[in-house]
Amino acid sequence: MSHEHGNDTPHREHSHVPPDPALRVQALESLLTRKGLVDPGALETIIDTYANRVGPRNGARVVARSWANPDYRQWLLDDATAAIAHLGYEGRQGEHMVALENTDSVHNLVVCTLCSCYPWTVLGIPPGWYKSEAYRARAVREPRAVLEEFGVRLDDEVEVRLWDSTAEIRYLVIPQRPAGTHGWTEEALATLVTRDSMVGTGLALTPEQAGDAP
Amino acid sequence: MSHEHGNDTPHREHSHVPPDPALRVQALESLLTRKGLVDPGALETIIDTYANRVGPRNGARVVARSWANPDYRQWLLDDATAAIAHLGYEGRQGEHMVALENTDSVHNLVVCTLCSCYPWTVLGIPPGWYKSEAYRARAVREPRAVLEEFGVRLDDEVEVRLWDSTAEIRYLVIPQRPAGTHGWTEEALATLVTRDSMVGTGLALTPEQAGDAP
Amino acid sequence: MNGAHDLGGMHGFGPVPDKDDAHPHPEWYDRAMALTVATAAWGRWNIDASRRAREAMHPAKYLTLTYYERWIDALERLMVETDLLTEEELRSGEPADGSFTPPVDAEGARSALRRGGPTERKVDTPPRFRVGDRIRTINRHPAGHTRLPRYARGQGGIVLRHHGAHVFPDTNAHFQGEQPGHLYTVQFPARALWGPDAAAKDTVMLDLWEAYLHAD
Amino acid sequence: MNGAHDLGGMHGFGPVPDKDDAHPHPEWYDRAMALTVATAAWGRWNIDASRRAREAMHPAKYLTLTYYERWIDALERLMVETDLLTEEELRSGEPADGSFTPPVDAEGARSALRRGGPTERKVDTPPRFRVGDRIRTINRHPAGHTRLPRYARGQGGIVLRHHGAHVFPDTNAHFQGEQPGHLYTVQFPARALWGPDAAAKDTVMLDLWEAYLHAD
């Protein structure tokens, strides 16, 4: 600690931000691969998995099927882990799934106040806002204000159920099926299911919002 | 916000520390004096007051008198504001004083968890450690561990009373009078009264520690 | 507000620094302190508003700034808020107008320091609680300034002392009036606040306004 | 620990940023994530230890670092803690020893991702609580890792669901064993947690281990 700063600045050193985290990560990757601790192919597989294979389209397919198929919906509500694995989505950060049903009287919203737990198998890597201090701090205390920021205005009669992911249970919100989609195929329905609607910060798109009929 | 940092770094800007707070203060002082908002003589008076006139020697005189004079001690415990004003110490950050008596069975410790409230009239400007995040965070939760860091080991039988200064009441701890000081003058006794002993993070010095008999 | 300033009970800050307090402090600490005290003589804000301004920072900023940097940062914002300075003057460092007269000179500052700012007020309403009463603190999380720390919310304690009525920070900090209320020292068992890791004998005292309390 | 990571209920962070999520993220985010996932295959730590390492920072540092900087910072410390790297290797960037064999290649990584790390365990002890039971959470402030956030301590709720027994983070994070315990979803009235500013109908659910609960 510098004498210049006197006696109440011992935390100064902690405020040091490495000038370029990209370089730090690059240096670590180089060290780990050269030491034989990490296989470069493993890294590429992991990156490719979440860039191209695992993302909100998975969850959208789950939700669309639950809209189209009442038996599947019931299975999803009873045993989400199995019902989701049935569509091929399982593994890391989706080991223990619970599906939350939005209705006319209940709106579910998911947060992780302590870190950023998120259902990777169905939604992929969480977006920046989900990991932000603001979302983690506020969603649990003032969910309605946060929802308004996201453009979701709920009637006072609706109960907001806020789920803080404090264990390894991962939550998938099943948004309400939009009106005007009777008879749509699962593939068409899936185009209405946004990532935010499966976290609870959004609603499913209406056919008008999606901009094209099936 | 920089695109380079992506979508979860909006607080980056907040971590910016002005490179030299001394220059910022100098610029503000220059602006305020030139605008006629502050009189330079007033600044010098305020600085001189806390550098040379108001400090722990004030509190030491109060404590020494309370050791030497039982009537004064009772007055101090009953109405600390008046008893302290009687010795000429009054004003800013000492408007409402309470004296806390350490005994064989009770040890008092003072903190301000929300800012750094401190009895300026008797102790002056608080030391850096009193204003530190560590002291503010820990004294209230683990006072005995903090006291041990300060070299004060209390018997388990002693009750620690921790005072969090959440209002405008300011606390002065009266440390226990050290043994071997019978018949000492108030002036001599005052040399044993350290600042820390009046916050509760220390004990009064023994004659041996003080290194000279009266 | 539940801000970074509400530090009671936090972990992660390490040992208490510089317990011997041996470092000489830089001169700008004194000048930051003196500017804060001298400008207060304008009477445009109060001590609660000062604290509110120091708390009203992004938590990362609060924890990164040093103590007197927070003071100066808050002071600049208070002076803009109360029309003593403009943002432009702060940016440029140049006064747009030099015609003000300082509210205190050297002698005035000395008097102001000796006078201080007592916060006790006469009120007509009698205190709701007496020494020895069992109370429970409210559990609220206001966005504005408050002096009931998070660690002491929703907790049961005993009234130890009544201090008369004092200016209420929660309103005064926002220039919504002094609204004085009865102030009590309340004693809490340390174990109620912190669990069984606290010593059985130890207690924690806070000075709390009547609005923070209900009978238990 | 009562660290800066325990964000629930805090003020001062402003609006939720970048809700349209329109910014392309820099490539190093992906690489930080992939390094974290790939090194986990060594099996020398667990997800709770990872979280513990990310939390174990000075609060100013936690709030100043970006998300994946915390991951990398924690990863480096975990690898030193578990003897996969030395401080000297991190400083120099040069491996002292290149004779290791990665635990997973591309195919192995794919399998590991699909396998995940289930945390449910068989235990012999029956659950203490049933759906519908009223419970109260403990009020403890451990220095170590815990998954009972500050805002939900000492609060009364109702058991909504039983999830079987799961690995206990408070011990597992410190390599003190999995010590699986029954896990419940507990429902709290929002007003109990946040006071009358919360909507009367709203509720907050947390997944809590039996060790965090007692009957109410």
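Remember, it's a predicted structure, so these values are computed and weren't measured experimentally. In what follows, chains are A, B, ... by sequence order, proteins preceding strands, each numbered from 1.
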So which heavy atom on D:Gly93 is nearest to which on A:Leu31, and how close?
O-CD1, 3.6 Å
Mind ranking A:Cys112, A:Cys115, A:Ala51 by heavy-atom pairs under 4.5 Å with chain D and telling me who comes out on top?
A:Cys115
Between A:Tyr135, A:Tyr130, A:Tyr50, which has the largest tally of heavy atom pairs under 4.5 Å with chain D?
A:Tyr50
Is any side-chain heavy atom of A:Leu28 closer than 4.5 Å to one of D:Arg31?
no
Hey, is D:Lys201 close enough to A:Asp156 for a salt bridge, meaning N to O under 4.0 Å?
no
Segment of D:Phe188 engaging chain A (4.5 angstrom heavy-atom cut-off):
neither
Heaviest contributor of heavy-atom pairs below 4.5 Å to chain A, chosen from D:Gln187, D:Glu120, D:Arg115, D:Glu55, is D:Glu120
With a 4.5 angstrom heavy-atom cut-off, is it the side chain or the backbone of D:Thr36 that approaches chain A, or both, or neither?
neither
Give the member of A:Arg53, A:His107, A:Arg195 that has the highest number of heavy-atom pairs under 4.5 Å with chain D.
A:Arg195
Could you report the tightest heavy-atom contact between A:Trp120 and D:Met33, atom names first, then the distance?
CH2-CG, 4.2 Å
Can you find a pair of side-chain heavy atoms, one from D:Val204 and one from A:Arg161, that are under 4.5 Å apart?
no
What part of A:Glu157 gets within 4.5 angstrom of chain D, counting heavy atoms only: side chain, backbone, both, or neither?
both
So does D:Gly9 get a backbone contact from the side chain of A:Arg141, meaning a donor-acceptor N/O pair under 3.5 Å?
yes
Check A:Ala167 against D:Trp209 and note the closest heavy-atom contact, atom names and distance.
CB-CH2, 3.3 Å
Once you round to the nearest 0.5 Å, how far does OG of A:Ser132 lie from CZ of D:Phe13?
9.5 Å
If you count heavy-atom pairs within less than 4.5 Å of chain A, which of D:Ala41, D:Pro118, D:Ala198, D:Ala109 leads?
D:Pro118
Is any side-chain heavy atom of D:Arg114 closer than 4.5 Å to a side-chain heavy atom of A:Glu90?
yes
Contacting region of D:His5 [heavy-atom separation from chain A under 4.5 Å]:
both
Given a strict heavy-atom distance threshold of 4.5 Å, which part of A:Arg144 is in contact with chain D: side chain, backbone, both, or neither?
side chain
Is the count of non-hydrogen atoms from other residues, nucleotides or ligands lying under 6.0 Å from D:Arg140 atom CZ greater than 12?
no
Sort D:Arg51 into side chain, backbone, both or neither according to what part of it lies under 4.5 angstrom from a heavy atom of chain A.
side chain
Are any of the side-chain heavy atoms of D:Leu85 and A:Leu37 separated by less than 4.5 Å?
yes
Which heavy atom of D:Trp42 sits nearest a heavy atom of A:Gly36, and at what distance?
CZ2-O, 4.1 Å
Does a side chain donor of either D:Asp207 or A:Tyr171 reach within less than 3.5 Å of an acceptor in the other side chain?
yes
If you compare all heavy atoms of D:Asp21 against all heavy atoms of A:Gly128, which two are closest, and at what distance to 0.1 Å?
OD1-N, 3.9 Å
Whether the side chain of A:His96 engages the backbone of D:Thr119 through a donor-acceptor N/O pair (distance < 3.5 Å, no angle test) should be reported.
yes
Is it the backbone or the side chain of D:Leu183 that comes under 4.5 Å from a heavy atom of chain A, or both, or neither?
side chain
Assess the side chains of A:Arg138 and D:His11: does a donor N or O sit below 3.5 Å from an acceptor N or O?
no
Give, as side chain, backbone, both or neither, the part of D:Glu76 having an atom under 4.5 angstrom from any heavy atom of chain A.
side chain
Structural part of A:Ser30 lying under 4.5 Å from a heavy atom of chain D:
neither
Heavy-atom pairs under 4.5 Å with chain D: which of A:Thr49, A:Thr45, A:Leu32 has the most?
A:Thr45
Identify which part of D:Asp197 has an atom lying under 4.5 Å from any heavy atom of chain A, answering side chain, backbone, both or neither.
neither
Leading residue by heavy atom contact count with chain A [cutoff under 4.5 Å; candidates D:Ser99, D:Ala112, D:Ala38, D:Ala4]:
D:Ala38
Any non-hydrogen side-chain atom of D:Leu7 less than 4.5 Å from a side-chain atom of A:Leu114?
no
Contacting region of A:Val25 [heavy-atom separation from chain D under 4.5 Å]
both
Charged N-O contact under 4.0 Å between A:Arg24 and D:Asp73:
yes
Heavy-atom side-chain proximity of A:Pro21 to D:Tyr68 below 4.5 angstrom
no
By a 4.5 Å heavy-atom criterion (distance strictly below it), what part of D:Glu94 contacts chain A: side chain, backbone, both, or neither?
both
Is it the backbone or the side chain of D:Arg54 that comes under 4.5 Å from a heavy atom of chain A, or both, or neither?
neither
Decide yes or no for D:Phe100 and A:Arg34: does some side-chain heavy atom of the first lie under 4.5 Å from some side-chain heavy atom of the second?
no
Structural part of D:Ala190 lying under 4.5 Å from a heavy atom of chain A:
neither
Side chain, backbone, both or neither: which part of D:Met57 has a heavy atom under 4.5 Å from chain A?
neither
Measure A:Leu23 against the heavy atoms of chain D and call it side chain, backbone, both or neither at under 4.5 Å.
neither
Does A:Asp164 form a side-chain contact (heavy atoms from CB on, under 4.5 Å) with D:Tyr151? I'd like the steps, not just the answer.
CA-CA 11 Å; A:Asp164 188 357; D:Tyr151 76 82; 2.6 Å; yes
For D:Pro169, which atoms come within 4.5 Å of any heavy atom of chain A: side chain, backbone, both, or neither?
neither
Residue pair D:Trp194 / A:Val140, side-chain heavy-atom distance below 4.5 Å
yes
With a 4.5 angstrom heavy-atom cut-off, which part of A:Glu44 approaches chain D: side chain, backbone, both or neither?
side chain
Using a cut-off of under 4.5 Å for heavy-atom pairs, which of D:Thr101, D:Leu148, D:Leu90, D:Leu84 has the most such pairs with chain A?
D:Leu84
Begin with the C-alpha distance, continue with both residues' side-chain angles, and end with the deciding distance and a verdict on side-chain hydrogen bond (donor to acceptor under 3.5 Å, both in side chains) for D:Thr203 and A:Glu159.
CA-CA 8 Å; D:Thr203 56; A:Glu159 173 193 345; 2.9 Å; yes
Residue, of A:Thr121, A:Val98, A:Val54, A:Thr81, that accumulates the most heavy atom pairs under 4.5 Å with chain D
A:Val98
Non-hydrogen atoms of chain A under 4.5 Å away: do they reach the side chain of D:Ile47, the backbone, both or neither?
side chain
Check: D:Leu35 main-chain N/O paired with A:Glu29 side-chain donor or acceptor under 3.5 Å:
no
Just by modelled atom types, is the A:Thr166 backbone N or O under 3.5 Å from a matching donor or acceptor in the D:Arg147 side chain?
yes
Shortest non-hydrogen contact from D:Pro17 to A:Trp129?
O-CB, 3.1 Å
Does a side-chain N-to-carboxylate-O contact under 4.0 Å join D:Arg70 and A:Glu133?
yes
For chain A, the option from D:Leu206, D:Val37, D:Ile72 that forms the most heavy-atom pairs under 4.5 Å:
D:Val37
Given side-chain contact (heavy atoms from CB on, under 4.5 Å), test D:Leu113 with A:Ile46 step by step and report yes or no.
CA-CA 8 Å; D:Leu113 292 178; A:Ile46 294 163; 4.2 Å; yes
